[in-house]
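Single-structure report; data block below.
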Amino acid sequence: MMAGGTSYATVSRRKILEILKENRDRTLTVSEIGELLKKQGAPVNITTIYRYLDRLEEDGTVLRYPSEQNGKALYQYAGQDRHCRDHLHMKCVKCGRIYHLDCDFMEEIAEHIQKDHGFSLQCRNSILYGVCRNCSRV
């Protein structure tokens with residue numbers, strides 16, 4: 001069975017998944033996915049993109065984040081092996097790259113938040129913002 005909960009894949013679905021995989025270190029809007037598909041000579045109806053992204057989100061292949069600026073959803077390929085729902089992420093506010101904070105120290109932070117602040121940290125779609133090393137050097 002392939003990602004998206006179906007046993008078959010249309011050309012459109014394969015192309016959408018390829019775009020997401022090629023851009024796994026950043027988030028994309030549906031419009032950006034549509035533009036990238038168009039540039040590859042494989043235009044896909046925007047409704048098809050939304051529907052497939054919903055399926056990919058349901059099975060954990062894609063994470064959806066709220067946009068910081070315009071309220072549009074942002075999508076990122078997570079794959080089945082990344083366990084993105086189980087850890088925090090850091091997004092560079094300059095280049096948009098996503099970093100996975102999958103380390104023991106993040107578990108300590110989650111325990112601190114629970115113990116000292118009374119919040120149970122839900123890592124699914126949890127993202128922190130900052131400037132990455134590459135962008136801070138420029």
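What you see is a predicted model; the values in this text were computed from it and never measured.
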- Task: Answer yes or no: is there an ion pair linking R55 with E58, defined by an N-O contact shorter than 4.0 Å?
- Result: no

Distance col, row T27:OG1 vs R97:CZ, nearest 0.5 angstrom, shows 12.5 Å

- Message: Could you tell me if the side chain of L101 sits less than 4.5 Å from the side chain of L128, heavy atoms only?
- Response: yes

Using modelled atom types and a 3.5 Å cut-off, is there a donor and acceptor pairing between side-chain atoms of E32 and backbone atoms of T29? yes

Of all heavy-atom pairs linking C135 and C92, the shortest is SG-SG, 3.7 Å

When rounded to the nearest 0.5 Å, the distance separating NZ of K38 from CG of L36 is 11.0 Å

query = Heavy atoms, side chains only, cut-off 4.5 Å: are Y75 and L63 in contact?
reply = no

One should read off an interatomic distance between R133 CZ and Y99 OH, to the nearest 0.5 angstrom, of 8.5 Å

Taking the side chain as C-beta and beyond, is there a heavy-atom pair between S136 and V131 under 4.5 Å? yes

The reported gap from CG in L20 to NZ in K15 (rounded to nearest 0.5 angstrom) is 13.5 Å

Between K91 and L74, the two heavy atoms sitting closest are NZ-CD1, 3.6 Å

Do side-chain atoms of Q76 reach the backbone of R64 as a donor and acceptor pair under 3.5 angstrom? no

Heavy-atom closest pair (N23 atom, I19 atom, distance to 0.1 Å) is ND2-O, 2.8 Å

Check your understanding: Do the non-hydrogen side-chain atoms of H117 and H112 ever get within less than 4.5 Å of each other?
Key -> yes

Shortest non-hydrogen pair, I16 vs T48, comes out as CD1-O, 4.5 Å

Decide yes or no on salt bridge (Lys or Arg N to Asp or Glu O under 4.0 Å) for K21 and E18, but give the supporting numbers first. CA-CA 5 Å; K21 285 180 179 180; E18 285 173 18; over 6 Å; no

Nearest heavy-atom contact between G60 and A78 is O-CB, 3.8 Å

Do the side chains of Q114 and F119 get nearer than 4.5 Å, heavy atoms only? no

d(D104 CG, I109 CD1) to nearest 0.5 Å is 11.5 Å

Rounded to the nearest 0.5 Å, the CG atom of L53 sits from the CG atom of L17 at a distance of 10.0 Å

